[in-house]
Amino acid sequence: MWGRWLNDLIYRRTKGQKVYFSIFAIYFSINLQILYHKRNYMSKELSTRAANYSEWYNELVEKADLAQHSAVKGCMVIKPYGYAIWEKMQQALDKMFKDTGHVNAYFPLFVPKSLFEAEETNAEGFAKECAVVTHYRLKSDPNNKGKLIVDPDAKLTEELIVRPTSEAIIWSTYKGWIQSYRDLPILINQWANVVRWEMRTRLFLRTAEFLWQEGHTAHETKAEAIAETEKMLHVYADFAENWMAMPVLKGIKTANERFAGADETYCIEALMQDGKALQAGTSHFLGQNFAKAFDVKFANKEGKQEYVWATSWGVSTRLMGALIMSHSDDKGLVLPPKLAPFQVVIVPIYKGEEQLAQISEVVFRMKKAMEAKGISVKYDDRDNQRPGWKFAEYELKGVPVRIAIGGRDLENGTVELARRDTMEKETLQQAGIEDKVAQLLEQIQDNLYQKALALREAKTTTVDTYEEFKSVLEGKTGFVLAHWDGTSETEKKIKEETKATIRCIPLNNKQETGTCIYSGKPSTQRVVFAKAY
RNA sequence: CGGGGCGUAGCGUAGUUGGUUAUCGCGCCUGGUUUGGGACCAGGAGGUCGCAAGUUCGAGUCUUGCCGCCCCGACCA
């Protein structure tokens, strides 16, 4: 016993002397970390955007009940409130697709490897991030009761790739559908999930599995396919601006950033509050690449065989990330009315059951009037939370308009109306509230767009020298308009040195003579650079 | 894959050189009082301390191995 005590003592002293300083250092760093955690997680406040933008984003996504990390690394659980927003997006987009002549269909999750590799550029582009199915059965582990192992006898003769995108499986199918020009165009969209094995993921912005829609169309002529590609780009831009209240630049990608297997990639690019760009949607002109890879030909009017022209276009749950980062503030989410799961929340403030009943009567009347105008309303009469708690909760969740009604209001025939975007409050008459709210929702939708647009404009800089270029990227951030010599080499060098990429060459870009900021070679137009998500 | 950090109740955490029945707050349940910006009182439930082995009379604490997660890079059609 004494020996052990002595041993312990010696051990301690030795250890203590050796690592004294590092323990000291670790002690302080741990303390700092604990303080940091306490501030962010014990309090009901979010981190601020200014203090740590990415921390703010992560906390917001989880605290506003949009999504959470799952048991599967890199994959998220989209929670009901977050999914409700996605459903709103889906509904709006789905209608826009159908209004432009498209129909929905569904193709398999798995792609046989031989089909996947048929279009070489596309296959190579995605190869390093594919999940692969090699077996079709498990069995009990003979050496470990209650556990399972992959049955080595159940190896697939051909591996199945979990789709990272569906061109291969779809074009192998289209081959059987197309014989004549009369079978064209094919205008199909599918709502699906895809898997891309990303090294590093972030909720909504980059997850290993994500939800999206992918349109895949087949056309007789090159011109028609390009028109389709451009049409869908405009649909995306329309959706981003009019539903998400998020201004976007429309443009084309440089060869470096082009979709693997496309002849041209069109995109919409948005700017987030932290000055980083986010690719919000892409529309690809695929030329005849997939038609040739899968041998999809049609007889034209002259009876001659020709390869089909193709497009594909998609937006994903990444739009959720774009939506969050476009409008939200340090109090939480801010949703544009057109995509809010409910646009108005009504909170009663009451003393006793009897008064609640009186208030509820007024509320039901207002709710009905608002719903008749197509406004979605939630009445939160739960008694287990007090009004102040509810106010904070719905601010965190970004509900555009809040109506509070209490005893005072019953006497005066009024309500308190609060808007989420500006946090302004006003007292209004109950009569005709539905018109006022309808008008206010439109104002909020418009205000969010204008605010985002003003921010983008403030964060767009025209530069003429590389020094200026670098200093803007480091300090002010945002979109940087600069001359570029048109070569991939220059683009790569700039990326290596500054981490900025060419987000797009805007459609209908102004032509002007200048010199490349990097190489000094002549240039005919400015392109849009930024650091991107 | 490299660097850093972390696994203790649903969440956030304390736990001193290894020592009795593992701490606190939030949340949860019951009852009551409340309700105009995140209420209060009283009582209560909830734990394989990430997993496995080892050292020891004794392990949340020490050792080894493994697993997982987060952050920063690299990567990202």
Side-chain angles (χ1 to χ4, degrees), chain A residues 1 4-13 15-16 26 29-30 32-45 52 54-55 58-59 62-63 68-74 119 121-130 164-165 167 194 196-203 205-208 214 253 255-262 265 267 279 282 284 286 312 314 316 318 331-332 347-353 355-356 359 381-396 402 404-410 414-416 418 423 425 427 495-496 499 501 532-533:
Chain A
M1 199 183 188
R4 191 159 51 245
W5 177 80
L6 194 62
N7 265 341
D8 280 357
L9 190 66
I10 292 163
Y11 173 69
R12 266 202 325 279
R13 285 175 66 187
K15 185 183 175 186
I26 289 165
S29 87
I30 286 172
L32 284 172
Q33 185 141 16
I34 287 167
L35 282 172
Y36 178 73
H37 270 267
K38 277 184 176 165
R39 189 171 57 75
N40 291 324
Y41 293 101
M42 288 187 69
S43 77
K44 288 166 181 171
E45 304 288 321
N52 188 339
S54 109
E55 198 65 42
N58 288 333
E59 285 179 29
E62 298 217 2
K63 289 189 177 179
Q68 65 178 64
H69 292 283
S70 72
V72 188
K73 184 174 181 167
E119 209 296 318
T121 314
N122 184 252
E124 271 171 32
F126 285 103
K128 58 187 182 298
E129 52 191 39
C130 285
T165 181
E167 276 79 3
V194 288
R196 295 179 188 178
W197 213 263
E198 302 286 354
M199 286 176 181
R200 195 167 154 217
T201 57
R202 296 194 64 191
L203 294 171
L205 294 173
R206 177 168 288 109
T207 47
E214 46 182 328
K253 289 291 189 190
N256 280 351
E257 303 278 324
R258 194 177 290 152
F259 177 76
T265 288
C267 63
Q279 177 177 297
T282 47
H284 314 292
L286 302 174
S312 70
S316 71
R318 188 177 225 213
K331 284 185 178 300
V347 177
I349 302 161
Y350 57 92
K351 297 186 205 312
E353 293 280 320
Q355 193 178 47
L356 176 61
I359 289 171
D381 63 348
R382 287 179 298 172
D383 192 34
N384 56 346
Q385 300 297 355
R386 298 164 85 253
W389 188 94
K390 292 178 187 174
F391 293 172
E393 176 72 5
Y394 293 114
E395 278 158 15
L396 181 61
R402 181 186 73 231
I405 172 165
R408 237 163 36 208
D409 296 300
L410 281 185
T414 57
V415 293
E416 182 193 79
M423 301 293 284
K425 291 193 268 196
T427 300
K495 185 181 179 184
E496 275 166 30
K499 288 180 182 166
T501 50
Y533 275 98

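Only a predicted model underlies this, so the values are computations on that prediction, with no experimental measurement involved. In the text below, chain A, chain B and the rest are named by the order of the sequence lines, each starting its count at 1.
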Over all strands shown, is A:K253 touching base, sugar-phosphate only, or nothing at heavy-atom distances under 4.0 angstrom? nothing
Can you find a donor-acceptor N/O pair under 3.5 angstrom joining the side chain of A:E395 to the base of B:rG37? yes
May I ask you to say what A:H284 touches in the nucleic acid, namely base, sugar-phosphate or nothing, with a heavy-atom cut-off under 4.0 Å? nothing
Can you work out whether A:A532 or A:K390 has the more 5'-proximal nearest nucleotide on RNA chain B? A:K390
Polar-atom pairs under 3.5 Å, protein N or O versus N or O of nucleotides 34-36 of chain B: list them with distances, or write none.
residue: B:rU34; atom: O4; partner: A:D383; partner atom: OD2; Å: 3.2
residue: B:rU35; atom: O2'; partner: A:Y350; partner atom: O; Å: 3.4
residue: B:rU35; atom: N3; partner: A:D383; partner atom: OD1; Å: 3.4
residue: B:rG36; atom: OP1; partner: A:R386; partner atom: NH1; Å: 3.4
residue: B:rG36; atom: OP1; partner: A:R386; partner atom: NH2; Å: 3.0
residue: B:rG36; atom: O6; partner: A:G406; partner atom: O; Å: 3.3
residue: B:rG36; atom: O6; partner: A:G407; partner atom: N; Å: 3.1
residue: B:rG36; atom: O6; partner: A:R408; partner atom: N; Å: 2.6
residue: B:rG36; atom: O6; partner: A:D409; partner atom: N; Å: 3.2
residue: B:rG36; atom: O6; partner: A:D409; partner atom: OD2; Å: 3.4
residue: B:rG36; atom: N1; partner: A:D409; partner atom: OD2; Å: 2.6
residue: B:rG36; atom: N2; partner: A:D409; partner atom: OD2; Å: 3.4

B:rC76 P sits how many Å from A:E257 CD, rounded? 9 Å
If the P atom of B:rC11 is compared with that of B:rG50, how far apart are they to the nearest Å? 13 Å
Listed range with range, the stems formed with RNA chain B by at least 3 consecutive Watson-Crick or G-U pairs (under 3.5 Å) are B:1-7 with B:67-73, B:10-12 with B:24-26, B:28-33 with B:39-44, B:50-54 with B:62-66
Roughly, in whole Å, what's the span from CD in A:E124 to C1' in B:rC76? 17 Å
B:rA45 to B:rC6 separation - C1' atoms, rounded to the nearest Å: 29 Å
Which of B:rC75, B:rG73, B:rG38 is nearest the side chain of A:K499? It is B:rG73
Interatomic distance, CE@A:M423 vs CD@A:E395, rounded to 0.5 Å, equals 3.5 Å
Just call it for A:A260: base, sugar-phosphate, or nothing, with non-hydrogen atoms closer than 4.0 Å on any strand. sugar-phosphate
